[in-house]
Amino acid sequence: MLTTSAITSMYSPTRSRNFFLHLLRKSTTALRPQGHLFLSIPNPDLFLFNVLIKGFSNAHSISLYTHLRKCTLLKPDNFTYAFAIASASTLSDEKVGILLHQHAVVDGYGLDLFVGTAVVDFYLKFWRVDMARKVFDKMSVRDTVSWNSMISGLVRNCCFDDAVWVLGDMLKDGGIRLDSTTVAAVLPALAELQELILGMEVQCLALKLGFHSYLHVLTGLISLYSKCGEIEAAKLLFGEIGRPDLVSYNAMISGYTSNGESECSVKLFRQLLGYGERVNSSTIVGLIPVFHPFRYLNLTTCIHSFCVKSGIISQSSVSTALTTVYSRLNKINSARLLFDESSEKTPASWNAMISGYTQNGLTEAAISLFQEMQISKVSPNLVTVTSILSACAQLGALSLGKWVHGLIKSKNFESNIYVSTALIDMYAKCGGIREALELFDLMVGKNVVTWNAMISGYGLHGQGQDALRLFSEMSHSGVAPNGITFLSLLYACSHAGLVKEGEETFQSMIHDYHFEPLPEHYACMVDILGRAGQLEKALKFIKEMPVEPGAAEWGALLGACVIHKDKKLAQVASERLFELDPENVGYHVLLSNLYSAERNYRLAASVRHDVKRRNLAKIPGCALIEIGETPHVFTSGDRSHPQASAIYAVLEELIRKMKEAGFQTETDTALHDVEEEEKELMINVHSEKLAIAFGIIATEPGTEIRIFKNLRVCVDCHTATKFISKITERVIVVRDATRFHHFKDGLCSCGDYW
DNA sequence: TTAGGGTTAG
């Protein structure tokens with residue numbers, strides 16, 4: 001170990017400076033300024049200062065620099081600045097580096113090769129791409145290291161296009177040779193951009209220059225090929241490595257995973273464990289996409305216990321990755337346990353848990369954890385707000401959504417594409433289609449998800465033509481549609497009763513866009529035809545499908561049979577459904593409704609009995625209304641609300657007025673085999689009617705009433721709401737399980753089509 | 001040189 005006194009004794013003109021430097025390089029980690037021994041050296045020269053500034057390369061370097069300027073007559077040179085600025089890059093505060101840069105500029109070293117390179121690197125580490133770019137462009141002399149710093153820094157800042165452009169400039173600059181670092185730096189950018197051809201050119205260059213077989217180059221190439229879907233090429237390269245290290249294993253594992261070859265991925269992972277290799281967080285993270293609901297649960301448990309045994313569970317990236325894995329497996333309790341046990345909770349850990357909840361539909365849990373996060377003084381970041389917006393959208397929590405929007409504005413998160421897309425989706429799903437459109441129109445750089453969110457928003461509100469118009473705009477904008485785009489379009493057609501347009505979209509998807517329909521697309525077509533009453537055509541469509549029809553298609557047909565009261569076809573569909581998906585209670589309910597409507601109570605009862613026997617519970621319907629920021633939830637026949645008696649009185653009065661205006665209770669599809677009068681009573685206290693009645697009490701006359709319902713709105717409530725909107729002169733917006741209904745002046749925006 | 005918590009359909 002080299003102590004400060006040792007340095008002092010070594011510092012004599014007789015010793016060779018190179019030898020001294022050599023010793024220092026070997027043992028800088030052992031160096032700590034003890035007292036001010038060094039500073040007591042008589043007349044230290046600039047060389048010694050520079051060597052020590054470089055040697056420490058941390059906050060001590062900055063103290064030395066300050067001492068040099070304040071307590072000596074020495075003048076810093078380009079080396080001093082280069083080393084000091086490089087040290088400033090390791091600090092958490094950017095102010096020091098900016099100040100040093102200013103000093104260097106004043107002293108005329110701002111664009112020096114070494115200083116410039118250090119400055120570029122510094123700015124890129126602090127996410128100031130523009131400043132780095134400015135300095136780099138002004139430098140008259142640049143070497144391989146400065147080009148490499150620029151390229152790797154741009155990649156770190158996710159400026160992949162720029163990184164590739166800079167490589168192009170570097171190649172044009174004839175005097176500069178690229179090295180293996182250059183190649184390794186640019187490969188991730190090419191992988192991210194899926195620039196396979198350019199990547200192959202870079203590979204050729206690496207071959208020509210003789211560093212193709214370097215481990216870090218090969219690893220970069222494996223990742224490039226995997227991300228471009230060329231898994232075979234990646235496999236070949238992996239085979240070329242004699243003794244792969246952990247990093248190349250990780251690249252190959254995640255390559256298999258992202259190409260859907262889960263089995264290979266898991267096999268390689270097991271091989272890695274078999275070699276007794278340590279696994280790191282990247283390995284686990286790279287495996288995440290392998291985990292689907294109920295797959296590899298055993299493997300997860302093994303990985304988990306491995307992480308515990310080897311101690312890497314204490315790394316927050318590992319426990320965060322495992323939290324994500326458990327929530328992907330729908331094992332949300334295990335995820336929560338891990339989250340609670342993790343000692344160091346980074347923003348990513350919070351986000352993994354919050355998004356785990358939203359992705360499993362546990363929106364209330366997501367929101368309450370979000371509140372806990374704020375109590376813990378962890379500041380929500382881009383990812384947090386995106387997840388919370390998704391929870392708001394699912395829940396219809398407009399007031400929280402608006403509050404989050406305010407937070408986003410205050411933190412300047414609006415320009416992020418995930419955030420703005422989630423905002424559009426939130427507004428659309430909470431009934432604010434106008435607000436959604438305003439944000440959408442203002443957005444620059446929309447991706448396919450953004451377009452999909454807006455298209456499906458239109459669909460949700462029954463604006464089928466607008467959805468189709470937006471799709472044609474999308475086609476002109478150069479963003480390629482995906483499966484979800486077509487699904488959203490088809491749903492938009494379905495909700496708006498646009499049969500011809502739906503069929504055209506389906507055909508265009510296959511023939512113009514060469515998109516192979518998935519089961520969901522077929523099901524959606526069945527839904528379009530079936531809802532429109534073309535039941536035979538729907539059946540024919542199912543029978544002529546090139547793939548075996550599944551529960552989705554038959555389910556859509558059964559739904560249509562119930563709407564159009566076709567018992568015969570319903571029996572055909574349900575027989576298939578009970579085989580294909582015996583656990584699903586929804587089909588039983590649909591069938592029972594159909595039998596009830598036909599007054600065939602014996603059959604209806606037998607279906608219900610079947611449901612009971614198998615312990616398949618029907619989801620109870622409930623409706624939610626927000627008054628101010630307080631949500632009020634009602635279930636059918638609910639009397640638990642403090643204002644229950646007032647609510648029931650208003651409802652009674654409304655029903656009297658409705659009947660005067662010609663309203664007749666629709667009891668056809670009610671489940672129960674009871675007397676007409678009694679059925680009417682049950683139906684009149686459906687949750688949404690109670691919520692609307694409360695809305696009328698709790699808001700000023702003329703205020704729009706917004707209701708959220710977990711199930712599809714029933715025919716009777718739909719008709720009733722139309723009457724109520726006219727009688728009370730209110731706009732009533734109801735979001736049910738599949739769409740929005742805007743009631744006004746006795747009419748609904750869905751055109752009675754839902 | 002590997003990986004990373006996030007948005008769209010139902």
Asker: Is A:Lys227 close enough to B:dA3 that one of its side-chain N or O atoms is under 4.0 Å from OP1 or OP2 there?
Answerer: yes
Asker: Please pick, from B:dT1, B:dG4, B:dT7, the nucleotide with the shortest atom-to-atom distance to any side-chain atom of A:Thr386.
Answerer: B:dT7
Asker: Categorize A:Gln315 for me: base, sugar-phosphate, or nothing, with a 4.0 angstrom heavy-atom threshold over every strand shown.
Answerer: nothing
Asker: Under 3.5 Å, is there a donor on one side chain and an acceptor on the other for A:Thr144 and A:Asp179?
Answerer: no
Asker: Looking only at side-chain atoms of A:Ser281, point me to the closest of B:dT8, B:dA3, B:dG6.
Answerer: B:dA3
Asker: Figure out the CG/P separation between A:Asp425 and B:dT8, and round it to whole Å.
Answerer: 5 Å
Asker: Starting at CZ of A:Arg156 and ending at C1' of B:dT1, how long is that distance when rounded to a whole Å?
Answerer: 14 Å
Asker: Indicate, with a heavy-atom threshold strictly under 4.0 Å, whether A:Ile288 touches base, sugar-phosphate, or nothing.
Answerer: sugar-phosphate
Asker: Taking only side-chain N and O atoms of A:Gln359, does any of them lie within less than 4.0 angstrom of OP1 or OP2 on B:dG5?
Answerer: no
Asker: Atom CG of A:Leu460 to atom C1' of B:dT8: distance rounded to whole Å?
Answerer: 12 Å
Asker: Would you indicate what A:Pro188 reaches in the nucleic acid, counting non-hydrogen atoms under 4.0 angstrom: base, sugar-phosphate, or nothing?
Answerer: sugar-phosphate
Asker: Counting side-chain heavy atoms from CB outward, which of B:dG6, B:dT2, B:dG4 is closest to A:Asn250?
Answerer: B:dT2
Asker: Give A:Asn416 one of three labels, base, sugar-phosphate or nothing, depending on what nucleic acid heavy atoms sit under 4.0 Å from its own.
Answerer: base
Asker: For the side chain of A:Ser223, counting heavy atoms from C-beta on, which of B:dT2, B:dA9, B:dT7 is nearest?
Answerer: B:dT2
Asker: Mind calculating the distance between CG (A:Leu439) and C1' (B:dT8) to the nearest angstrom?
Answerer: 15 Å
Asker: Hey, does the side chain of A:Thr257 reach the backbone of A:Gly286 with a donor-acceptor pair shorter than 3.5 angstrom?
Answerer: yes
Asker: A:Phe440 has an atom CZ; how far is it from atom C1' of B:dT7, in whole Å?
Answerer: 14 Å
Asker: Do any side-chain nitrogens or oxygens of A:Ser355 fall under 4.0 Å of OP1 or OP2 in B:dG6?
Answerer: yes
Asker: Indicate whether the side chain of A:Asn452 and that of A:Ser488 have a donor and an acceptor atom separated by less than 3.5 Å.
Answerer: no
Asker: Quick check: does any side chain N or O of A:Arg739 sit under 3.5 Å from a backbone N or O of A:His495, one acting as donor and the other as acceptor?
Answerer: yes
Asker: For B:dA9, does the base pair up with any side-chain atom of A:Ser488 as donor and acceptor (N or O, under 3.5 Å, distance only)?
Answerer: no
Asker: Between A:Phe211 (CZ) and B:dT1 (P), how many Å, whole number?
Answerer: 14 Å
Asker: With a 3.5 Å cut-off and just heavy-atom distances, do the side chain of A:Asn381 and the base of B:dG6 make a donor-acceptor pair?
Answerer: no
Asker: Hey, is the side chain of A:Lys345 poking within less than 4.0 Å of OP1 or OP2 on B:dG5, counting only N and O atoms?
Answerer: no
Asker: To the nearest angstrom, how far is A:Leu287 atom CG from B:dT2 atom P?
Answerer: 17 Å
Asker: Side chains of A:Gln203 and A:Tyr225: do they bring a donor and an acceptor to under 3.5 Å?
Answerer: yes
Asker: Just how far is it from atom SG of A:Cys493 to atom CZ of A:Phe486, taken to the nearest 0.5 Å?
Answerer: 11.5 Å
Asker: Just to confirm, is there a sub-4.0 Å distance from OP1 or OP2 of B:dA9 to any side-chain nitrogen or oxygen of A:Ser456?
Answerer: yes
Asker: Whole-Å distance between B:dG6 C1' and A:Phe370 CZ?
Answerer: 13 Å
